[in-house]
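Sequence lines set the chain letters: A, B, ... in the order given, protein chains first and strands last, and positions in each chain run from 1. Note that the structure is a prediction, hence the values are computed from the model and not measured. These numbers come from the heavy atoms of this one structure, side chains and all, not from hydrogens, waters or symmetry mates.
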2 protein chains.
Amino acid sequence: MSTISKEDYIKAIYTDQQRNGKNVSATYLAGKLNVSKAAVSDMGKKLANQGFIKYEAYRGATITKKGEKLALNLLRRHRLWEVFLMDVLKLDWGEVHEEAEKLEHLTSEKLIDAIDKYLHYPKFDPHGHPIPNKLGEFPHTPAVVSLKESQIKKKYRIVRFDDESFELMKYFSRLGISLYSEIYLSDRLEFDDSVFVEVAGRTQALSSKIAERIFVTELEAKDD
Amino acid sequence: MSTISKEDYIKAIYTDQQRNGKNVSATYLAGKLNVSKAAVSDMGKKLANQGFIKYEAYRGATITKKGEKLALNLLRRHRLWEVFLMDVLKLDWGEVHEEAEKLEHLTSEKLIDAIDKYLHYPKFDPHGHPIPNKLGEFPHTPAVVSLKESQIKKKYRIVRFDDESFELMKYFSRLGISLYSEIYLSDRLEFDDSVFVEVAGRTQALSSKIAERIFVTELEAKDD
DNA sequence: AAGCAAATTTAAGTATACTTAAATTATTTG
DNA sequence: CAAATAATTTAAGTATACTTAAATTTGCTT
């Protein structure tokens with residue numbers, strides 16, 4: 001009923017819809033999944049037939065309840081594997097996502113529950129993404145905003161990197177930007193929406209593309 | 001180059017050739033892999049083209065060096081996963097083989113090496129199968145024979161169950177026959193080659209089909 | 001050694017998940 | 001608002017890994 005390929009489409013549709021709120025376009029999916037737009041159109045119809053998504057010709061996909069259930073399950077498997085591979089098997093940052101991407105598709109309910117138990121039911125993965133429980137429920141979390149939307153002259157704590165690419169993660173670690181570190185948003189340029197931040201004792205400029213991927217919670221005001 | 005399907009064929013060919021020493025027949029593979037004989041014939045040609053096996057029409061398959069290398073790698077991945085799933089994640093006997101069967105195909109060199117290290121380089125899996133190292137070398141092991149070939153009136157230690165089926169494993173555990181237990185081969189019937197054994201304080205009769213799957217090493221003579 | 005049964009292959013066809021190229025629909029812009 | 005351009009779909013074709021049914025080969029039996 002659901003193959004690896006289909007699962008990849010469903011996860012991409014769910015994730016993009018969560019992030020951007022609108023119908024997920026064929027072009028986006030083709031880029032993300034590295035296939036032609038024609039393939040997306042084809043698969044769109046199949047997934048719609050099987051009730052995982054709604055697919056209107058020329059206007060993209062939206063996830064259904066059934067699709068969401070599968071997507072949350074995949075997210076759960078993916079994120080638990082990530083924690084496991086990093087914390088237990090000591091794979092590093094960059095390897096973890098790619099491995100999890102493969103393992104998530106072939107992991108039975110029993111196995112993933114065993115991993116969950118072994119890890120004492122973690123609530124977040126190594127990027128700060130919340131891990132759905134068996135029922136597909138996310139842990140309750142304080143409100144988070146991306147650095148792009150947060151206010152200047154305020155102190156925050158980084159709680160999530162909303163990106164899995166090894167490249168960006170390496171960039172962050174080179175800059176001393178890591179999960180749960182404090183960050184002070186000193187300024188934002190009108191010109192290109194880039195931001196200036198103080199983190200790990202350094203002042204950095206970050207493009208809005210990057211700020212958009214860093215999620216934070218507010219801390220008490222900084223006293224200078 | 002090598003898909004999950006192909007890997008399953010190669011593993012089956014390698015394993016059967018090891019066990020029975022002759023060309024592996026299409027009928028055997030069709031049964032083992034749950035596909036038609038026509039499918040085996042098809043795939044046989046493909047695998048031969050790619051250098052994994054030799055395949056002579058009407059006379060079955062033999063593994064090549066290249067195929068053996070891949071098979072040993074698969075065996076390594078499979079067996080390490082089995083140890084990991086049982087010892088670390090506490091899955092039970094029956095579940096372990098099936099899960100490993102899926103995971104082995106999508107496990108990178110790095111991951112399997114991390115698992116190997118985590119487990120402190122185990123030499124045998126939960127069925128007593130030897131685990132090849134990174135180079136495809138088996139650990140040195142004392143000579144083992146199946147109960148079918150061993151001599152009566154001698155004491156042995158069970159060191160391997162050469163079968164992965166849950167059914168047989170359950171049967172053994174019901175009879176109190178477990179890995180590394182002592183077993184005394186009291187008699188063998190000419191009639192059907194079945195054997196009488198004393199194990200776990202009980203006297204049992206075992207069919208030759210079953211005796212064939214139990215591998216033992218000799219212990220010092222039993223003193224009555 | 002001929003005939004027969006079993007094993008195997010060939011042939012034709014299916015489903016999945018793609019591809020490229022042409023045709024169609026939607027959207028932007030002057 | 002029409003034309004251009006961008007996005008998407010349709011059509012035709014490919015590779016993989018199967019299927020069933022018919023034809024062929026092998027090896028056994030007498």
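Atoms CG (A:Leu33) and P (C:dT19) sit 11 Å apart, rounded to a whole Å. When rounded to the nearest whole Å, the span between NZ of A:Lys37 and P of D:dT5 equals 16 Å. For the pair A:Met43 CE and C:dA17 P, the computed distance is 4 Å after rounding to whole Å. The distance between atom CG of B:Asp42 and atom P of C:dG13, rounded to the nearest whole Å, is 16 Å. The separation between A:Met1 atom CE and C:dA15 atom P is 16 Å, rounded to whole Å. Going from atom NZ of A:Lys6 over to atom P of C:dC18 covers 11 Å, rounded to whole Å.
Counting non-hydrogen atoms of neighbouring residues, nucleotides and ligands closer than 6.0 angstrom, the NZ atom of B:Lys66 exceeds 12 such neighbours. No more than 12 heavy atoms of other residues, nucleotides or ligands lie within 6.0 Å of CD in B:Glu167, so this atom counts as exposed by the packing criterion. With a 6.0 Å radius and a threshold of 12 heavy atoms from other residues, nucleotides or ligands, A:Glu98 has its CD atom at or below the threshold. Crowding of A:Lys102 atom NZ: a count of heavy atoms from other residues, nucleotides or ligands under 6.0 Å exceeding 12.
Among the protein residues, A:Ala39 comes within range of the nucleic acid bases, having at least one heavy atom under 4.0 Å from a base atom. Across all strands, A:Ser36 comes closer than 4.0 Å to base atoms (heavy-atom distances).
A salt bridge does not link B:Arg19 with B:Glu212: every distance from a Lys NZ or Arg NE/NH1/NH2 to an Asp or Glu carboxylate oxygen is 4.0 Å or more. Remark: B:Lys170 does not engage B:Asp92 in a salt bridge, criterion side-chain N to carboxylate O under 4.0 Å. By the 4.0 Å N-to-carboxylate-O rule, B:Lys209 lies too far from B:Asp192 to be salt-bridged with it.
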Inset, instruction - Tell me, with the steps shown, if A:His78 and A:Asp125 meet side chain to side chain donor-acceptor pair (under 3.5 Å). - result: CA-CA 9 Å; A:His78 182 97; A:Asp125 78 6; 5.8 Å; no
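Of the residues in residues 45-56 of chain A, A:Lys45, A:Tyr55 come within less than 4.0 Å of DNA chain D through at least one heavy atom, sorted by number. In the region residues 7-20 of chain A, proximity to DNA chain C at under 4.0 angstrom, judged on heavy atoms, holds for A:Tyr9.
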Inset, instruction - Summarise how protein sits on nucleotides 21-28 of chain D as a single string, 5' to 3': B when a protein heavy atom is under 4.0 Å from the base, S for sugar-phosphate-only contact, - for no contact. - result: ---BSSS-
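Annotation: B:Phe215 is not in aromatic contact with B:Phe124 [ring centroid separation under 6.0 Å not met].
One distance of note links CH2 of B:Trp81 with CD of B:Glu104; it measures 11.5 Å at 0.5 Å rounding. Separating the CD1 atom in A:Ile214 from the CG atom in A:Leu168 is a distance of 7.5 Å, to the nearest 0.5 Å.
Contact annotation: A:Ser5 side-chain N/O to C:dC18 OP1/OP2 distance is under 4.0 Å. The side chain of A:Thr27 contributes no N or O atom lying less than 4.0 Å from OP1 or OP2 of D:dA6. For C:dA17, one of the phosphate oxygens OP1 or OP2 lies less than 4.0 angstrom from a side-chain nitrogen or oxygen of A:Thr3.
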